[in-house]
Structures are given as structure tokens and as C-alpha cells.
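What you see is a predicted model, and the numbers here were worked out from it, not measured in a lab.
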Amino acid sequence: TLHTISQLSVMYGFSAVTIFCFSILGFSLISLQKNKTYAGFATYSQVIIITLNILFFKQLNVYIFPVSLILAYAFSSLILGYQFQRIVGSIAKSAFRYLSFILILSGIGYLAKNYFNHIITSIPLLVLGLKSIFLSVMALSLIFLLQLEERFIILHAINRVKVILIKVIK
């Protein structure tokens, strides 16, 4: 059905994030002459995917395919991230913060989409405005909670607005 296709599309979207993370970490390892490590984890990920598909197809039906992608590549990305962090250090921590930002904001956006659509369906422009405000507030909150570098730019902009307002008021 159309609902199943829609749910699978969202799940494959989340699996794309884990595959992207795995690929970036893998390419980084290749640039550090760690080709065998990356190849080994790529093979390991495929074995996990096939095993999960065989074991859980009867229970989860077609939903096992994106779920197995998410689980296998997330697990492999975590291990590759650990390998990469041992080699490079703080860059991996920063990458993890940004990946967390993307995943959390995507999840919140998905939930907000479903939540706001059930509350207010008669005024589409109001729903769009509420979603935009909600996601903006959540994004700004996450930037400060995850201590991303963009918070300094935001704080600098706020300080400039304060200075301009003080000049205008005087």
C-alpha cells in the first residue's frame, strides 16, 4: 500500500544517514592507508545485513530491509569511528556531534510533521508556520546542547543586534 511505501521511504532515508557516515569514515581510513580495515568492515556489514534479513523476515516482513541497513551500518560506523578516533582524535568527536544534530533534528522533524498534522489540519499555512518555528527552536537548542561551533556565530549575531538596538534607543 501507499502507507507502507511511505514508511519504508522514511526508514530508508534514516539508513542513508548511517551508510553516509560509514562511507565518510571509510574514505578517511582509506586516505590513512587503512584499506583492509575499511574493506573488512564493509564485508562485515553485508554479513550482518544478510543475517538479519534471514532471521527476522518473517517477523518484520519488508520492514527488515531498512532496519537491517540501519543496524548494520550504525554498528560498523561506531566501530570505524572508534578506529578513526584512535588515529585522528578530536575530529571524530566533532563529526559525531554533527551527525547527532542531523539525526535528532530529523527525528524531531518527522515527529513534528505527524503531530502538527493531527492537531491543526484546517489551516495549512498555520501548520507550516508552526512547524518552521518549532524546528528552528529545536535546531538552535541542539546547536547549544551539542556545543557545535555555530553557537559562536549565533552569539556574535545576537551581540551585534543588541549593540544596534542600544544605539537606536539612545
Output a table of donor-acceptor pairs, distance under 3.5 Å, between side-chain atoms of residues 57-72 and any protein atom two or more places apart or on a different chain; print 'none' if there are none.
from: Y63; atom 1: OH; to: Q7; atom 2: OE1; distance (Å): 2.7
from: S68; atom 1: OG; to: N53; atom 2: OD1; distance (Å): 2.9
from: S68; atom 1: OG; to: I64; atom 2: O; distance (Å): 3.0
from: S68; atom 1: OG; to: F65; atom 2: O; distance (Å): 2.9

Pairs under 3.5 angstrom only: tabulate donor-acceptor contacts from the side chains of residues 45-52 to other protein residues two or more places apart or in another chain.
from: S45; atom 1: OG; to: F41; atom 2: O; distance (Å): 2.8
from: S45; atom 1: OG; to: S76; atom 2: OG; distance (Å): 2.6
from: Q46; atom 1: NE2; to: Y73; atom 2: OH; distance (Å): 2.6
from: T51; atom 1: OG1; to: V47; atom 2: O; distance (Å): 2.7

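Proximity of a side-chain donor or acceptor of S6 to a complementary backbone N or O of L2 within less than 3.5 Å is not detected.
Looking at residues two or more places apart in sequence or on another chain, you find a side chain to side chain donor-acceptor pair (under 3.5 Å) between T4 and T1. When the side chain to side chain contact (heavy atoms under 4.5 Å, CB included) test is applied to K162, the partners found at least two apart in sequence or on another chain are I158, N159.
Chaining together hydrophobic side chains whose heavy atoms lie under 4.5 Å apart places I24 alongside F20. With a 4.5 Å cut-off between side-chain heavy atoms of Ile, Leu, Val, Met, Phe, Trp and Tyr, the cluster of L78 takes in none. The hydrophobic side chain of I166 is isolated, with no ILVMFWY side chain under 4.5 Å apart from it.
The cluster map of Ile, Leu, Val, Met, Phe, Trp and Tyr, joined by side-chain heavy atoms under 4.5 Å apart, puts Y44 and I54 in different clusters.
F75 and F22 have their aromatic ring centers separated by at least 6.0 angstrom.
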